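Report on the following structure.
We use all heavy atoms of the structure for the numbers below, so side chains are in, but hydrogens, waters and symmetry mates are not. If you're wondering where the values come from, they're calculated on a predicted model, not measured in any experiment. Residue indices begin at 1 and follow the sequence shown.
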Amino acid sequence: MLKIENLQVHYDKVQVIHDVSLEVNEGEIVTLIGSNGAGKTTLLRTISGIKRASGGSITFMGEPIHQMTSHKIVEMGIGHVPEGRHVFPDMSVYENLQMGAFRRKDSQAAIKKDLEHIFDLFPRLKERSQQMAGTMSGGEQQMLAIGRAIMAKPKLFLFDEPSLGIAPIIVAEIFKMIKKMNEEGSTILLVEQNANAALKISDRAYILETGKIGLEGQSSDLLNDDRVRKIYLGF
Ligand code: ATP
C-alpha cells in the first residue's frame with residue numbers, strides 16, 4: 001500500500017533521513033521505533049507532504065506521492081495524527097469530530113454512523129461531546145485527535161507518538177483502540193517511543209537509527225532481539 005524507496009530528507013544542508021526504504025502492506029500495523037531525533041517525525045511529515053524529500057520515492061496505492069501537496073495526499077487517503085494533539089480548542093468534541101469529516105463526499109447518514117462508531121470506541125468522547133476540546137485532559141484530547149482522523153476515513157493512518165505524555169491507563173486504552181481499528185480493516189504506520197507496547201500490537205517493525213534503518217523484522221522477533229531489548233525496551 002505504501003512503499004518508500006531510498007528516501008533522503010534534508011533540513012537545509014543537514015541530511016536527517018538517509019536512504020530509507022520501507023513498506024506498509026494493506027491490513028498491517030507497522031511500527032517505527034527510534035531514539036529522540038532519529039527522524040521518525042520527519043519521515044511521517046515527508047509521507048504526508050508537509051516536508052519535501054530531497055531524493056528517493058514514496059508510492060501510495062501504486063501512485064508516486066512525493067511531489068504531491070499535503071492537501072492532495074489527504075485526498076488520496078492518508079490520515080496523519082501528529083505528535084501533540086492538534087484539536088480545535090474552542091470547538092466542542094462533537095464539532096471537532098464533524099470537522100474530521102468535512103472533505104467526505106458521502107451522505108450525512110454515513111457520517112453519522114461513523115460518529116456513533118467513534119462514540120462506541122471511545123465512550124469518554126460521547127460523555128463529553130459538548131465539552132470544549134481545549135478543556136479536555138491530554139489523554140482525552142489524544143483520543144479526540146484519533147477520533148477526528150477516523151472521521152476522515154483514510155485508507156492509511158500515520159500515528160506520531162500517540163502515547164506521549166499520557167497516563168498509563170489511557171495509553172493502554174489508546175493501544176487497544178489502534179489494535180481494534182486494525183481489526184476493523186485500517187492499515188497503520190505507528191511511530192512510538194513506547195517500543196514494548198507498539199511491538200506487541202504490530203505485525204512488523206523498523207528501527208530508525210540517526211536517519212537510517214538499523215533493523216527490521218517481525219515485531220515478535222524484535223521483541224526478543226537482545227539489542228532491541230537492551231536499547232529500546234530497557235530489559
Ligand atoms: P523525537 O522522538 O525526539 O520526536 P524524531 O525521531 O521524531 O525525534 P525528528 O523530529 O524527525 O526526530 O528530527 C530528526 C532530526 O531533524 C533532529 O536532529 C532534529 O533536530 C532535526 N529537525 C527536525 N525538524 C527540524 C527543522 N524544522 N529544522 C531543522 N532541523 C530539524
Side-chain angles (χ1 to χ4, degrees), residues 1-5 7 20-34 40-51 53 56-66 68 70-83 97 100-101 103-106 110-111 113-114 117-118 120-122 142-143 145-163 173-192 194-195 197-208 213 216-223:
M1 180 179 242
L2 179 76
K3 190 170 181 149
I4 299 180
E5 288 177 293
L7 192 73
V20 164
S21 297
L22 70 79
E23 259 183 90
V24 181
N25 301 308
E26 190 160 2
E28 278 188 314
I29 301 183
V30 172
T31 296
L32 184 64
I33 296 167
K40 306 177 297 295
T41 296
T42 301
L43 188 60
L44 293 193
R45 289 168 64 87
T46 310
I47 297 169
S48 59
I50 302 164
K51 175 83 187 125
S57 65
I58 307 176
T59 314
F60 179 62
M61 317 274 296
E63 267 198 64
I65 59 167
H66 51 275
M68 284 182 187
S70 49
H71 184 87
K72 178 76 188 146
I73 292 170
V74 170
E75 269 177 17
M76 295 269 304
I78 297 186
H80 188 170
V81 184
E83 190 177 334
L97 291 170
R103 280 178 206 279
R104 282 175 57 174
K105 295 180 180 76
D106 46 353
I111 292 172
K113 192 159 156 259
D114 287 338
H117 183 50
I118 289 166
D120 285 343
L121 293 169
F122 289 122
Q142 185 60 274
M143 291 180 189
I146 297 173
R148 199 179 57 195
I150 296 174
M151 286 303 286
K153 275 214 151 172
K155 298 185 180 84
L156 171 69
F157 286 88
L158 310 176
F159 282 115
D160 197 352
E161 308 242 14
S163 77
E173 228 173 288
I174 286 174
F175 277 106
K176 236 196 273 168
M177 238 319 287
I178 293 174
K179 184 79 191 155
K180 187 148 188 233
M181 284 166 63
N182 174 250
E183 284 162 5
E184 290 173 356
S186 300
T187 305
I188 293 161
L189 177 58
L190 172 64
V191 161
E192 258 297 332
N194 190 340
L199 288 173
K200 280 189 178 141
I201 63 161
S202 58
D203 302 294
R204 291 187 304 111
Y206 294 85
I207 300 200
L208 195 63
I213 300 292
E216 63 179 273
Q218 297 294 320
S219 301
S220 51
D221 293 340
L222 294 184
L223 264 173

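The distance from atom OG of S48 to atom CE of M68, rounded to the nearest 0.5 Å, is 13.5 Å. Atom NZ in K113 sits 10.5 Å away from atom CG in D106 (nearest 0.5 Å). To the nearest 0.5 Å, the span separating CG on L121 from CD1 on I178 amounts to 12.0 Å. Taking CG of L97 as the start and CD1 of I150 as the end, the distance is 9.0 Å to the nearest 0.5 Å. Expressed to the nearest 0.5 Å, how far CD of E28 lies from CZ of R204 amounts to 4.0 Å. Taking CE from M143 and CE from M177, the interatomic distance works out to 9.0 Å, rounded to the nearest 0.5 Å.
Counting only heavy atoms from C-beta outward, the side chains of D203 and V30 never approach each other to under 4.5 Å. A heavy-atom distance below 4.5 Å is found between the side chains of L190 and P162. The side-chain heavy atoms of Q142 and E173, taken from C-beta on, include no pair separated by under 4.5 Å. Residues E83 and L44 form no side-chain contact, since every pair of their non-hydrogen atoms from C-beta on lies 4.5 Å or further apart. Residues I50 and H80 form a side-chain contact, since some pair of their non-hydrogen atoms from C-beta on lies under 4.5 Å apart.
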Subject >> side-chain contact (heavy atoms from CB on, under 4.5 Å) evaluation trace for I78 with I65 >> reply: CA-CA 11 Å; I78 297 186; I65 59 167; 3.8 Å; yes
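Between I118 and G147, the closest heavy-atom pair is CD1-O, 3.2 Å. Nearest approach of V81 to A149, heavy atoms of both residues: CG2-CB, 3.5 Å. Minimum heavy-atom separation, I47 to L189: CD1-CD2, 3.7 Å. Closest of all the heavy-atom pairs between L199 and A205 is CD2-CB, 3.5 Å.
If you check the side chains of S163 and E192, you find a donor sitting under 3.5 Å from an acceptor.
Counting only distance, with no hydrogens or angles, the side chain of T59 and the backbone of P64 share no donor-acceptor pair below 3.5 Å. At distances below 3.5 Å, at least one donor-acceptor pair connects side-chain atoms of N182 with backbone N or O atoms of G27. No side-chain donor-acceptor contact under 3.5 Å links K51 to the backbone of T42. One N or O on the side chain of S219 and one on the backbone of S202 form a donor-acceptor pair closer than 3.5 Å. Judged purely by atom type and a 3.5 angstrom limit, Y206 uses its side chain to pair as donor or acceptor with the backbone of E23.
More than 12 heavy atoms of other residues, nucleotides or ligands lie within 6.0 Å of NZ in K179, so this atom counts as buried by the packing criterion. At most 12 non-hydrogen atoms from other residues, nucleotides or ligands lie less than 6.0 angstrom from CD of E26.
Exactly one of L208, L7, I58, L43 qualifies for a side chain to side chain contact (heavy atoms under 4.5 Å, CB included) with L22. That residue is L43.
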Tabulate below the donor-acceptor pairs under 3.5 Å that side-chain atoms of residues 151-161 make, not counting sequence neighbours, or state none.
| unit_1 | atom_1 | unit_2 | atom_2 | d |
| --- | --- | --- | --- | --- |
| K155 | NZ | M76 | O | 3.3 |
| D160 | OD2 | T41 | OG1 | 2.9 |

